[in-house]
Q: 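Dropping a structure here in structure tokens format, bear with me for questions.
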Protein chains: 2
Amino acid sequence: MRLSRYFLPTLRENPAEAQIVSHRLMLRAGLVRQSAAGIYSWLPLGLKVLRNIEKIVREEQNRAGAIELLMPTIQSADLWRESGRYEAYGKEMLRITDRHEREMLFGPTNEELITAIFRDNVKSYRDLPRNLYHIQWKFRDEVRPRFGVMRGREFLMKDAYSFDLDKEGARKAYEKMFVAYLRTYARMGLKAIPMAADTGPIGGDMSHEFIILAETGESAVFCHKDLVDYDILGTKVDFEASLTPIIERWTGLYAATDEKHDAARFAAEVPAEKQISARGIEVGHIFYFGTKYSKPMGAVVAGPNGESIELEMGSYGIGVSRLMGAIIEASHDEGGIVWPESVAPFKVGLINLKAGDATVDAAAAKLYAALEAAGVETLYDDTDERAGAKFATMDLIGLPWQVHVGPRGLAKGVVEVKNRKTGERAEVALDDVVARFTAA
Amino acid sequence: MRLSRYFLPTLRENPAEAQIVSHRLMLRAGLVRQSAAGIYSWLPLGLKVLRNIEKIVREEQNRAGAIELLMPTIQSADLWRESGRYEAYGKEMLRITDRHEREMLFGPTNEELITAIFRDNVKSYRDLPRNLYHIQWKFRDEVRPRFGVMRGREFLMKDAYSFDLDKEGARKAYEKMFVAYLRTYARMGLKAIPMAADTGPIGGDMSHEFIILAETGESAVFCHKDLVDYDILGTKVDFEASLTPIIERWTGLYAATDEKHDAARFAAEVPAEKQISARGIEVGHIFYFGTKYSKPMGAVVAGPNGESIELEMGSYGIGVSRLMGAIIEASHDEGGIVWPESVAPFKVGLINLKAGDATVDAAAAKLYAALEAAGVETLYDDTDERAGAKFATMDLIGLPWQVHVGPRGLAKGVVEVKNRKTGERAEVALDDVVARFTAA
């Protein structure tokens, strides 16, 4: 993409309304703009990152055997009356009346709707187990939206729902999502720690939040220090085999959110020098809740002998749009954002240091064409800004690699390649640049 | 995907509530389920088709130089007061009051929001022209939703917005979208005819609807028969060159929707035997409306001499979810849907004719693995249904190719390959099956 034809409005100054670094950088780097309290438009660069995050989430859900569908944003209030949650949910639910005076709502979560779909379409034990998920915009009418996309009102969430015939099956489904979540965050360069958590308005018997330690986090959390150093799961996890050993390893050490924290147990189980008491960002939350929805909603299937089986369920959420803020909180420096390659909007930022100079223009344009042809996503700054401003913008938006093309280097047949994260710079011969970014 | 692990609830009988064939087939083939009046959940098979349609729309928007972003579904009423449309829009707009008693709405279209984004972020003539688009769920509170996704309330729309410095630039932007639309529909196997159209609540000076002729269409349309036979634009359209000749060819013959129809002109301009008076499905609508939004909303940029320039705008919509219905209306037979390959949810439906037979199971599983490894998206019916029911389901869901694996063929080392559209069948040696679907 040529910057001269793109839509990338960056800001030099820190916006006054942004209190945390991710919010400041998302505004300054032209990723989002607020259009109403807690409601954001995703500008082109931000949308590309959002899609990359979404893609990783999707791939790991699919790998774990979950099946994607898509439920609508607007739901009928009657559906929520079946579970008893319509009155219980409180003011966070955005309630709507349509032109025929029917009560509707903008879905804050989808347990009722997916249970209704499953109930109406699946009749036999032979069609279980299943895990169905979607990635859809949700709305929660937060009383005080803040921290940019970290606590917005309209936000993108992946929510999966598992259906099993018995508790043992439901436990396996829970374990699959637990492991899929560990892999998902790891692929984005995040260390997310599963912690025993409260079930809140979803309800249920067992729950974990996935927490990224960060000073700007909204939750107080407590855990054993060794969890922070646990290595990340490779791609070779076999989801058909038992995942219990992995789960036991991660849940064997103390880790709890504020609501579930037991100070006495923490003191007894964790040596003083291993006690972490910190703040964290919740990026995922998983629940096992048995028949909490299937029972009132009559979601049953016929068993092998014709008996009626109430479905055992769980639900599993990842805050997709919030993850963008969390990644920035975890990966930035004084110059701006430092994207992990897996979610970066472009891999390379190509800077023409002297736009208007025929030699530099030609060399940069040729390099840009070669990178694009090789499938290396490149943002080409072909504008006539000063070099200093271009460097600052490129650092701000945080692409993993920069290529600087200028007259001095070209005289020697080289360009400068900069690693955004380490700051390391190298002179690279013009003909070797593409290979540098395509080598496996 | 193995059918035994998928979520594909098909129906044998025609649902009573569906009046038109696309609606019937979308329910029967397990593509969608209604969750409230005019509001649908997209089941896994339907979602795959929806994403394929969306991908074609996106590729053609990008090819024409439009840039993708994403605006939220919920907008502030104040924004719509700036343009004067908040009161004018009527009951189709879903109006919402949030917990702080602020007036909000679920966006039925986005002229106001994109104009505000552009106004707040672009200050100089040097940053024009631009065309920004998004693909987002919209809501229009239809008084009588019907025909499935053809006239739903929550629907997926691609809407693009062009910003130019003068009328001539705006005309070029309009022409680019006009041509991009012709290509978009053609890639889905649809013949969409651009017709002079009323501007309705969007307003403006020039407008075309893109119409697919179909008996079940909701609009009466009138056009010259030759337009139906016009060939489709190849991929070699140069969007940097003048597109006027293409536009003149398509607009040179009479074509108008009901609201714009002039019976006298029709009779005078079109020979009787060339007069088509038919019904049509609107799948796109483009508008040029000049400064209708930029003027009241103060969307101006500084010109080369510091003068203030009011932006010339157009907007361009494609009904992405409606297109699924339109494609089915145009492509089905008595057995069910016949997907064009470009939007098919899977390319191949692999049928195991004798599940439980070790030889057949092994051969089918091996073929399935080989197809998937070669990147051929395959739905493998590994269930223990009867062969007849499997054939019927596979015809119903309309994958372009079927591969039938049974004991009789395997004894000869062959399988049967069936083309869903033509019904043509061929015996193919087991080792040649994959190559048949991967050859360029």
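Note on naming: letters A, B, ... go to the chains in the order of the sequence lines (proteins, then strands), and numbering restarts at 1 for each one. Values in this document were obtained by computation on a predicted structure and should not be read as measured data.
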Q: Is there a side-chain contact between A:Phe7 and B:Ile117, using heavy atoms and a 4.5 Å cut-off?
A: yes
Q: Counting heavy-atom pairs closer than 4.5 Å to chain A, which one of B:Gly65, B:Pro44, B:Gly46, B:Gly30 comes out on top?
A: B:Pro44
Q: Which bit of B:Asp384 is near chain A, if near means a heavy-atom gap under 4.5 Å: side chain, backbone, both or neither?
A: side chain
Q: Would you check if A:Thr73 and B:Phe106 make a side-chain contact, meaning some heavy-atom pair closer than 4.5 Å?
A: yes
Q: Let me know if B:Ser4 has heavy atoms under 4.5 Å from chain A in its side chain, its backbone, both or neither.
A: backbone
Q: Given that the side chain runs from C-beta out, which part of A:Asn131 has a heavy atom under 4.5 Å from chain B: side chain, backbone, both or neither?
A: neither
Q: Of the backbone (N, CA, C, O) and the side chain (C-beta and beyond), which part of A:Leu128 lies under 4.5 Å from a heavy atom of chain B, both, or neither?
A: neither
Q: Can you tell me which portion of A:Arg5 sits under 4.5 Å from chain B's heavy atoms? Options are side chain, backbone, both or neither.
A: both
Q: Specify which of B:Pro72, B:Ala116, B:Pro129 makes the most heavy-atom pairs with chain A at under 4.5 Å.
A: B:Pro72
Q: Flag the pair A:Trp137 / B:Gln136 as yes when at least one side-chain heavy-atom distance between them is below 4.5 Å, and no otherwise.
A: yes
Q: Please evaluate residues A:Met104 and B:Asp141 with respect to the criterion side-chain contact (heavy atoms from CB on, under 4.5 Å), reporting the C-alpha separation (whole Å), side-chain torsions for both, the decisive distance (0.1 Å), and the verdict.
A: CA-CA 12 Å; A:Met104 315 289 288; B:Asp141 200 359; over 6 Å; no
Q: Would you mind checking which part of A:Thr97 comes under 4.5 Å of any heavy atom in chain B, side chain (CB onward), backbone (N, CA, C, O), both or neither?
A: backbone
Q: What part of A:Val122 gets within 4.5 angstrom of chain B, counting heavy atoms only: side chain, backbone, both, or neither?
A: side chain
Q: Considering only heavy atoms and a distance below 4.5 Å, find which of A:Lys91, A:Arg130, A:Arg102 pairs most often with chain B.
A: A:Arg130
Q: So for atom CZ, which belongs to B:Arg126, do other residues, nucleotides or ligands contribute more than 12 heavy atoms lying within a distance under 6.0 Å?
A: no
Q: Can you tell me which portion of B:Leu43 sits under 4.5 Å from chain A's heavy atoms? Options are side chain, backbone, both or neither.
A: both
Q: With a 6.0 Å cut-off (strictly less than), is the heavy-atom count around NZ of A:Lys123, excluding the residue itself, greater than 12?
A: yes
Q: Is chain A contacted by the side chain of B:Tyr6, its backbone, both, or neither, given a heavy-atom distance below 4.5 Å?
A: both
Q: Does B:Trp42 offer a backbone N or O that forms a donor-acceptor pair with the side chain of A:His134 under 3.5 Å?
A: no
Q: Answer yes if the side chains of A:Gln75 and B:Ser35 hold a donor-acceptor pair under 3.5 Å, and no otherwise.
A: no
Q: Counting only non-hydrogen atoms closer than 4.5 Å, does A:Glu68 touch chain B with its backbone (N, CA, C, O), its side chain (CB onward), both, or neither?
A: both
Q: Quick one: what part of A:Leu3 sits under 4.5 Å from any heavy atom of chain B, side chain, backbone, both or neither?
A: backbone
Q: About how many Å separate OG of B:Ser41 and CG of A:Leu113, when rounded to the nearest 0.5 Å?
A: 4.5 Å
Q: Report the distance from atom CG of A:Leu47 to atom CE of B:Met71, rounding to the nearest 0.5 Å.
A: 11.0 Å
Q: Chain B heavy atoms under 4.5 Å from A:Ile96: which part of the residue, side chain, backbone, both or neither?
A: side chain
Q: Report yes if the side chains of B:Asn121 and A:Arg33 come closer than 4.5 Å at any heavy-atom pair, otherwise no.
A: yes
Q: Using a strict cut-off of less than 4.0 Å between a Lys/Arg side-chain nitrogen and an Asp/Glu carboxylate oxygen, indicate whether B:Asp98 and A:Arg95 qualify as a salt bridge.
A: no
Q: A side-chain contact here means heavy atoms from C-beta on lying under 4.5 Å apart; do B:Leu70 and A:Arg51 qualify?
A: yes
Q: From B:Leu45 CG over to A:Ile67 CD1, what is the distance, rounded to the nearest 0.5 angstrom?
A: 11.5 Å
Q: So which of A:Ile74, A:Ile39, A:Leu94 has the largest heavy-atom pair count under 4.5 angstrom toward chain B?
A: A:Ile74
Q: To the nearest 0.5 Å, how far apart are CD in B:Glu92 and CZ in A:Arg99?
A: 6.5 Å
